[in-house]
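The following block contains the structure, expressed as structure tokens.
For reference, positions follow the sequence shown, starting with 1. Both backbone and side-chain heavy atoms feed into the values below; hydrogens, waters and symmetry mates do not.
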Amino acid sequence: MAHAQSREQFGKPLTELGAVSQKLAQSWTDVEAARAFVYRAAALAQEDPLGHLDYSSMAKVHATEAAAAVVDRSMQTMGRFGLVRGSKIERLYRNARPLRVYEGATEVLLDSLARRLAKNGVR
């Protein structure tokens, strides 16, 4: 956000360009949705640790996919500054990818969720 506010293109800050401001708003939305999902899954796990594993899986999938999308949008907004080796955004970009694999790859979790959904429907 700070970069988008201070960097100018076409005589105005990046935040005044529709595409950039929309990417920032989408990222904010993704982060808050992921946060809410994780909190919901944590609350359900506290009630019954094994009874709501599907919510934990969904929260993991959503949060890690959101993290990848947010960091990708951030890299795009930063432009060449995001490619500087050792920069914060470059490190986040590099670190976001493994999140989609650790503790269950997204595709494996989605396959498991699909089987549960087909068997039990939505609760």
Side-chain angles (χ1 to χ4, degrees):
M1 189 66 194
H3 175 79
Q5 289 172 323
S6 64
R7 178 83 171 145
E8 289 193 7
Q9 287 290 320
F10 311 110
K12 55 175 105 173
L14 290 177
T15 52
E16 292 184 24
L17 300 176
V20 174
S21 61
Q22 289 175 10
K23 284 181 187 294
L24 293 169
Q26 183 64 55
S27 292
W28 184 20
T29 301
D30 286 347
V31 167
E32 291 304 323
R35 185 186 326 269
F37 213 153
V38 169
Y39 287 166
R40 172 83 170 126
L44 289 170
Q46 191 172 18
E47 289 173 18
D48 183 3
L50 298 177
H52 299 287
L53 292 177
D54 48 347
Y55 280 88
S56 296
S57 294
M58 286 186 283
K60 192 271 185 191
V61 167
H62 184 78
T64 57
E65 293 297 320
V70 167
V71 78
D72 185 66
R73 284 186 214 110
S74 298
M75 177 72 78
Q76 190 70 22
T77 299
M78 294 289 291
R80 65 186 168 98
F81 299 106
L83 299 172
V84 174
R85 189 136 187 89
S87 69
K88 184 176 181 178
I89 192 65
E90 183 269 339
R91 181 179 47 79
L92 291 170
Y93 191 83
R94 191 171 10 95
N95 291 343
R97 183 60 180 104
L99 296 174
R100 296 166 59 201
V101 179
Y102 296 154
E103 302 298 325
T106 296
E107 294 78 10
V108 172
L109 291 174
L110 288 173
D111 190 50
S112 175
L113 287 167
R115 283 194 307 275
R116 280 192 219 153
L117 182 62
K119 183 178 177 183
N120 302 329
V122 177
R123 294 186 257 163

CG-OG distance between Asp111 and Ser57, expressed to the nearest 0.5 angstrom: 11.5 Å
Does a donor on one side chain sit under 3.5 Å from an acceptor on the other, for Gln26 and Asp30?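 Per modelled atom types, Gln26 and Asp30 side chains form a pair under 3.5 Å.
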To the nearest 0.5 Å, how far apart are CE in Met58 and NE2 in His62?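 Here the interatomic distance stands at 11.5 Å.
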Point-to-point distance, once rounded to the nearest 0.5 Å, from CG of Asp48 to CG of Leu50: 6.5 Å
same_hphob_cluster(Leu92, Leu99) at 4.5 Å side-chain heavy-atom cutoff: no
hydrophobic_cluster_shared for Val71 and Met78, side chain cutoff 4.5 Å: yes
Nearest 0.5 Å, please: how far is OG1 in Thr106 from CG in Leu113?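 Going from the CG atom of Leu113 to the OG1 atom of Thr106 covers 10.5 Å.
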Quick one: closest heavy-atom pair of Ala63 and Ala34, and the distance?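 Nearest heavy atoms, Ala63 then Ala34: CA-CB, 3.9 Å.
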Examine distances only and state if a side-chain atom of Ser27 and a backbone atom of Lys23 form a donor-acceptor pair shorter than 3.5 Å. yes
Once you measure the plane-to-plane angle for Phe37 and Tyr55, does it fall in the parallel (<30°), tilted (30-60°) or perpendicular (>60°) bin?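 Phe37 vs Tyr55 ring planes: perpendicular.
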Out of curiosity, Arg73 CZ to Ile89 CD1, how far, rounded to the nearest 0.5 Å?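 One finds 11.5 Å between CZ of Arg73 and CD1 of Ile89.
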Specify the closest pair of heavy atoms between Thr64 and Lys60, including all atoms of both residues, with the distance to one decimal. OG1-O, 2.8 Å
Nearest heavy-atom pair of Ala68 and Ala96: which atoms, and what distance?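 In terms of heavy atoms, the two residues are closest at CA-CB, 4.3 Å.
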Distance-minimising heavy-atom pair for Met75 and Leu83: SD-CD2, 3.8 Å
Donor-acceptor contact present, side-chain Glu90 to main-chain Gly86, <3.5 Å: yes
To the nearest 0.5 Å, what is the distance between CD on Glu65 and CG on Leu110?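 Atom-to-atom, Glu65:CD and Leu110:CG are 7.5 Å apart.
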